[in-house]
There are 2 protein chains.
Amino acid sequence: MTTPALKIRISFGSQVAMGPGKADLLEAIDAFGSISAAAKQMKMSYRRAWELVDVMNKCFAEPLVHSSPGGAHGGGAHLTEFGRTILKSYRDLIVKSQLAAQAELTKISAALK
Amino acid sequence: MTTPALKIRISFGSQVAMGPGKADLLEAIDAFGSISAAAKQMKMSYRRAWELVDVMNKCFAEPLVHSSPGGAHGGGAHLTEFGRTILKSYRDLIVKSQLAAQAELTKISAALK
DNA sequence: TATCGCTATATTCAAATAGGAATAGCGATA
DNA sequence: TATCGCTATTCCTATTTGAATATAGCGATA
């Protein structure tokens, strides 16, 4: 066994509405106040980060991220209350799932190379 | 909300050791006794099915699928006891996770378009 | 020992995806 | 009103992925 991990996503049609990467991105946006700074910290292109945000905003009934194209220091982006709630629900979901699946995950992990 | 679903995979380094598609494939191989028949039923190419099996066999300490290139009716493939055990563990893991995550999944699903 | 169907693998081509660079636009603030 | 940094979008290229095809090899069994 080496690096096994549960990866839990919420698929929505052909898209992923929420997953580990998107959740991390939301947290980074919350921490840095902009998509571009979050992207840099996560070592992905601004383009990719923007796309992930766009997918999320379009999957959900309301945007999770609100962004301002201009203003002080170029504007920025922040989580909406809605976004914060979804993020928390997802994180809770992950914790509960992992906990419930621990025994099986341990078994499977032990069987990996 | 339309078609939200939890997708749970077990990642192993850069590869996916087990996931929904691989588990379904294992079941199809178990049911049909060959990779080729399983592939046909799942509407994927033999090549792709073989690759998925190959990844699984290489991620785990023992092969999950044993295959015979020749013999009656061309041989075939079947699950090893090891493979059957892993498959069951994974299916159990999914059930337990889904159950534990139900409340949060319902909340998030209701927030989707 | 010839047949048959499946495994195993290489090659080629098309398609989807990811990444990089370039650029326009925006608005608070100095 | 000029500046600045970030958002938003386009275009092009490179890489990855997937499908289709072709072919060799295998061994039970008839």
Side-chain angles (χ1 to χ4, degrees), chain A residues 7 9 11-17 19-22 24-60 62-80 83, chain B residues 7 9 11-17 19-22 24-60 62-80 83:
Chain A
K7 291 284 175 65
R9 288 161 224 273
S11 76
F12 182 61
S14 65
Q15 292 181 311
V16 175
K22 290 193 173 77
D24 289 349
L25 179 61
L26 288 182
E27 276 174 9
I29 290 173
D30 197 32
F32 291 99
S34 83
I35 295 176
S36 115
K40 181 176 292 183
Q41 195 249 355
M42 293 187 66
K43 286 172 183 167
M44 65 171 73
S45 65
Y46 170 83
R47 187 184 187 284
R48 172 143 182 74
W50 183 87
E51 276 178 351
L52 294 178
V53 169
D54 192 50
V55 168
M56 283 188 276
N57 281 348
K58 283 177 177 162
C59 282
F60 286 93
E62 297 176 38
L64 311 199
V65 173
H66 177 263
S67 52
S68 315
H73 313 300
H78 66 267
L79 296 198
T80 61
Chain B
K7 290 283 176 64
R9 288 162 224 272
S11 76
F12 182 62
S14 64
Q15 293 182 311
V16 175
K22 289 192 174 76
D24 289 349
L25 179 60
L26 288 182
E27 276 174 7
I29 290 173
D30 197 32
F32 291 99
S34 83
I35 295 176
S36 117
K40 181 175 293 182
Q41 195 251 353
M42 293 188 66
K43 286 173 184 169
M44 67 171 73
S45 64
Y46 169 83
R47 187 183 189 282
R48 172 143 181 75
W50 183 87
E51 275 176 353
L52 294 178
V53 168
D54 193 50
V55 167
M56 284 188 274
N57 282 347
K58 282 176 177 164
C59 282
F60 286 93
E62 297 176 38
L64 312 199
V65 173
H66 177 266
S67 53
S68 316
H73 312 300
H78 64 268
L79 295 198
T80 60

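Protein chains get the first letters and strands the later ones, always in sequence-line order, with residue 1 at the start of each.
- The stretch residues 32-51 of chain B touches DNA chain C through Ser34(B), Ile35(B), Ser36(B), Tyr46(B), Arg47(B), Trp50(B), each having a heavy atom within less than 4.0 Å of the strand.
- Atom CZ of residue Phe60(A) and atom CD of residue Glu62(A) lie 11.0 Å apart, to the nearest 0.5 angstrom.
- For Ile29(A) and dA8(D), the CD1 to P distance is 10 Å, given to the nearest whole Å.
- The backbone N or O of Gly19(B) lies less than 3.5 Å from no partner atom in the side chain of Lys7(B), so there is not a single donor-acceptor pair.
- Remark: the backbone N or O of His78(B) is not paired with any side-chain donor or acceptor of Asp30(B) at under 3.5 angstrom.
- Minimum interatomic distance between Cys59(B) and Gln15(B) (heavy atoms only, all atoms of both residues): SG-OE1, 3.7 Å.
- Read 5' to 3', the first and last nucleotides of DNA chain C with an atom closer than 4.0 Å to a heavy atom of chain B are dG5(C) to dT11(C).
- Among all heavy-atom pairs drawn from Met42(A) and Ala28(A), the shortest one is SD-CB, 4.2 Å.
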Would you mind writing out the side-chain donor-acceptor pairs for residues 31-40 of chain A within the sub-3.5 Å range, not counting sequence neighbours?
| unit_1 | atom_1 | unit_2 | atom_2 | d |
| --- | --- | --- | --- | --- |
| Ser34(A) | OG | Ala37(A) | N | 2.9 |

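- Side-chain contact between Val55(B) and Val16(B): absent, with no pair of heavy atoms (C-beta onward) separated by less than 4.5 Å.
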Dot-bracket for DNA chain C: what is it, with Watson-Crick or G-U pairs under 3.5 Å, [ ] where a pair crosses earlier ones, and | for a pair to another strand? ||||||||||||||||||||||||||||||

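- One finds the CG atom of Leu52(A) at 11.0 Å from the CG atom of Asp24(A) (value rounded to the nearest 0.5 Å).
- The CD atom of Glu27(B) sits 10.0 Å away from atom CD of Gln41(B), with the distance rounded to the nearest 0.5 Å.
- Every pair passing salt bridge (charged side-chain N to carboxylate O under 4.0 Å, His left out) that includes a residue from residues 44-60 of chain A is listed here, sequence neighbours excluded: Arg47(A)-Glu51(A), Asp54(A)-Lys58(A).
- Under the 3.5 Å distance criterion, the side-chain polar atoms of Asn57(A) are matched with a main-chain donor or acceptor of Val65(A).
- Residues of residues 62-73 of chain A having a heavy atom closer than 4.0 Å to DNA chain C, listed by number: Pro69(A), Gly70(A), Gly71(A), Ala72(A).
- A donor-acceptor contact shorter than 3.5 Å links the side chain of Thr80(B) to the backbone of Leu64(B).
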